[in-house]
Amino acid sequence: MSVTESYRLVGREAHPDPTVVTVAGRVEIGKGRLVVIAGPCAVESEEQTVRIAKAVARAGAHMLRGGAFKPRTSPYSFQGLGEKGLAILAAARQATGLPVVTEALDARSLALAAEHADVVQIGARNMQNFSLLKESGRIRKPVMLKRGFSATVDEWLMSAEYILAEGNAQVILCERGIRAAATGNHGRSTLDLGAVLAVRAMSHLPVIVDPSHGSGVRERVAPLARAAAAAGAHGIMVEVHDRPEEALCDGPQAILPDQFAALMKDLAAMAPALGFSI
Ligand code: PEP
Ligand code: MN
């Protein structure tokens, strides 16, 4: 089978028109608006999540992120609040009106996330968890599929194909940085904005960019978010924390609420020249 046949549902050939993913009946991804998703890496407590959700909503975010089930490299790191975290995200949605995206790690958390969240995220480490991909093709919520940090664009699209092949066409792709040996270790990973252009040409699915995991360095998040918007991403997802030194996960790459508000202003200023709204 040729590579392009391997992602015939995801590819542009059979489906030239862009897919618009509608979240919670109100946020459209892939339709001319740059969709901004912001929030903490992890749901740590109701107080923390609602506080940060209100701050990002005030600054103009369209959706809230927050992990309840965390895929951590070390088994001794904070693993997330689990089901309780999903209830907290629902409270934050109630408080702000922002739809929520959260990660599923396995069949159990997928069922829970599909029930309680508005978008289910499949993380980089699970991009080729084929049974999870098939299961996520059977849920009735949009799926955000992050690129594995060693995955080629073809492999990423084939993983998306698993989801579409099971009947779920509401898929958003998310570039989140790769391990690029040739560039050396200048951060946690190397954001591959060229892949955004490749995916836009190859697929009808919307593609967003996560400059937080894509760099791992706070100072680089806003510049890379602006670069992603300039490169034609349909949205960005950034980690925001108001007390990053106390964060239970990924504090060094979290931007502060003020920095997030400044980024929103920058993106709004860029919008007319680049032909998107925000
Ligand atoms: C995340 O977005 O919380 C996350 C764990 O990202 P990634 O899967 O890209 O590492
Ligand atoms: Mn994180």
Side-chain angles (χ1 to χ4, degrees), residues 35-44 48-49 52-53 56 61 63-75 77-82 85-86 88-89 100-106 109-110 113 117-129 132-133 136 142-151 155-156 159-160 171-180 187-193 195-196 199 207-218 220-221 224-225 228 233 235-256 260:
V35 172
V36 180
I37 306 168
C41 179
V43 175
E44 301 170 12
Q48 168 256 11
T49 302
I52 297 171
V56 300
M63 285 178 62
L64 176 68
R65 64 149 288 142
F69 300 91
K70 293 302 301 174
R72 302 307 299 278
T73 301
S74 163
S77 299
F78 176 60
Q79 303 286 308
L81 297 180
L86 296 179
I88 291 172
L89 285 169
V100 302
V101 53
T102 201
E103 180 164 356
L105 296 179
D106 48 27
S109 53
L110 177 71
D118 300 293
V119 175
V120 177
Q121 174 175 321
I122 304 293
R125 291 159 189 80
N126 269 318
M127 190 205 84
Q128 287 189 315
N129 181 339
L132 187 61
L133 294 173
S136 66
V143 174
M144 179 194 294
L145 178 64
K146 297 189 95 175
R147 181 184 182 188
F149 32 66
S150 300
E155 288 164 344
W156 188 17
S159 289
V171 174
I172 306 144
L173 298 165
C174 179
E175 158 62 32
R176 52 79 69 213
I178 51 170
R179 293 213 165 127
R188 212 176 157 189
S189 46
T190 299
L191 193 65
D192 183 8
L193 290 180
V196 174
V199 161
V207 54
I208 71 164
V209 169
D210 170 354
S212 304
H213 295 91
S215 66
V217 182
R218 175 174 307 126
R220 299 181 197 166
V221 170
L224 288 173
I236 56 164
M237 180 163 81
V238 295
E239 290 187 341
V240 177
H241 203 297
D242 55 357
R243 298 174 194 167
E245 63 294 335
E246 290 172 21
L248 297 180
C249 186
D250 287 351
Q253 69 192 30
I255 60 172
L256 296 161
F260 177 68

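Atoms within a ligand are numbered from 1 in the order they appear, just like the ligands themselves. The figures here come from the full heavy-atom set of this structure, side chains too, leaving out hydrogens, waters and symmetry mates.
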Is the backbone of F78 close enough, under 3.5 Å, to the side chain of R72 for a donor and an acceptor to pair up by distance?
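Looks like yes, one N/O pair under 3.5 Å.
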In short, A195 meets R147 closest at the heavy-atom pair CB-NH1, 3.4 Å
Can you name the closest pair of heavy atoms from P40 and L64 and give their distance?
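That closest heavy-atom pairing would be CD-CD1, 4.4 Å.
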Among the N, O or S atoms of E239, which one sits nearest to the Mn ion (ligand 2)?
OE2
Please give the atom name: the N, O or S atom of D250 nearest to the Mn ion (ligand 2).
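Looking at D250, the N, O or S atom with the least distance to the Mn ion (ligand 2) is OD2.
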Which of the numbered atoms in ligand 1 are below 4.0 angstrom from a heavy atom of [X]?
X: R176; result: 7 (P), 9 (O), 10 (O)
X: R125; result: 7 (P), 8 (O), 10 (O)
X: G123; result: 8 (O)
X: Q121; result: 1 (C), 2 (O), 3 (O), 4 (C)

With the Mn ion (ligand 2) at the apex, how many degrees lie between NE2 of H213 and SG of C41, rounded to 10 degrees?
160°
Does CZ belonging to R179 count more than 12 external heavy atoms closer than 6.0 Å?
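For R179, atom CZ is not crowded (no more than 12 foreign heavy atoms under 6.0 Å).
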What protein heavy atom sits nearest [atom], and how far away is it?
atom: atom 5 (C) of ligand 1; result: E103 OE1, 3.6 Å
atom: atom 8 (O) of ligand 1; result: A124 N, 2.8 Å
atom: atom 6 (O) of ligand 1; result: K146 NZ, 2.9 Å

Under a plain distance cut-off of 3.5 Å, with no hydrogens placed, do H213 and E239 share a side-chain donor-acceptor pair?
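Yes.
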Decide yes or no on side-chain contact (heavy atoms from CB on, under 4.5 Å) for V43 and L89, but give the supporting numbers first.
CA-CA 8 Å; V43 175; L89 285 169; 3.7 Å; yes
At a 4.0 Å cut-off, with the gap strictly under it, does some heavy atom of K70 reach an atom of ligand 1?
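Heavy atoms of K70 do come under 4.0 Å of ligand 1.
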L145 and S159: CA distance, side-chain angles, deciding distance, side-chain contact (heavy atoms from CB on, under 4.5 Å) verdict
CA-CA 8 Å; L145 178 64; S159 289; 3.9 Å; yes
Tell me whether D250 is salt-bridged to K70, with the criterion being a basic N under 4.0 Å from an acidic carboxylate O.
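Answer for the salt bridge query: no.
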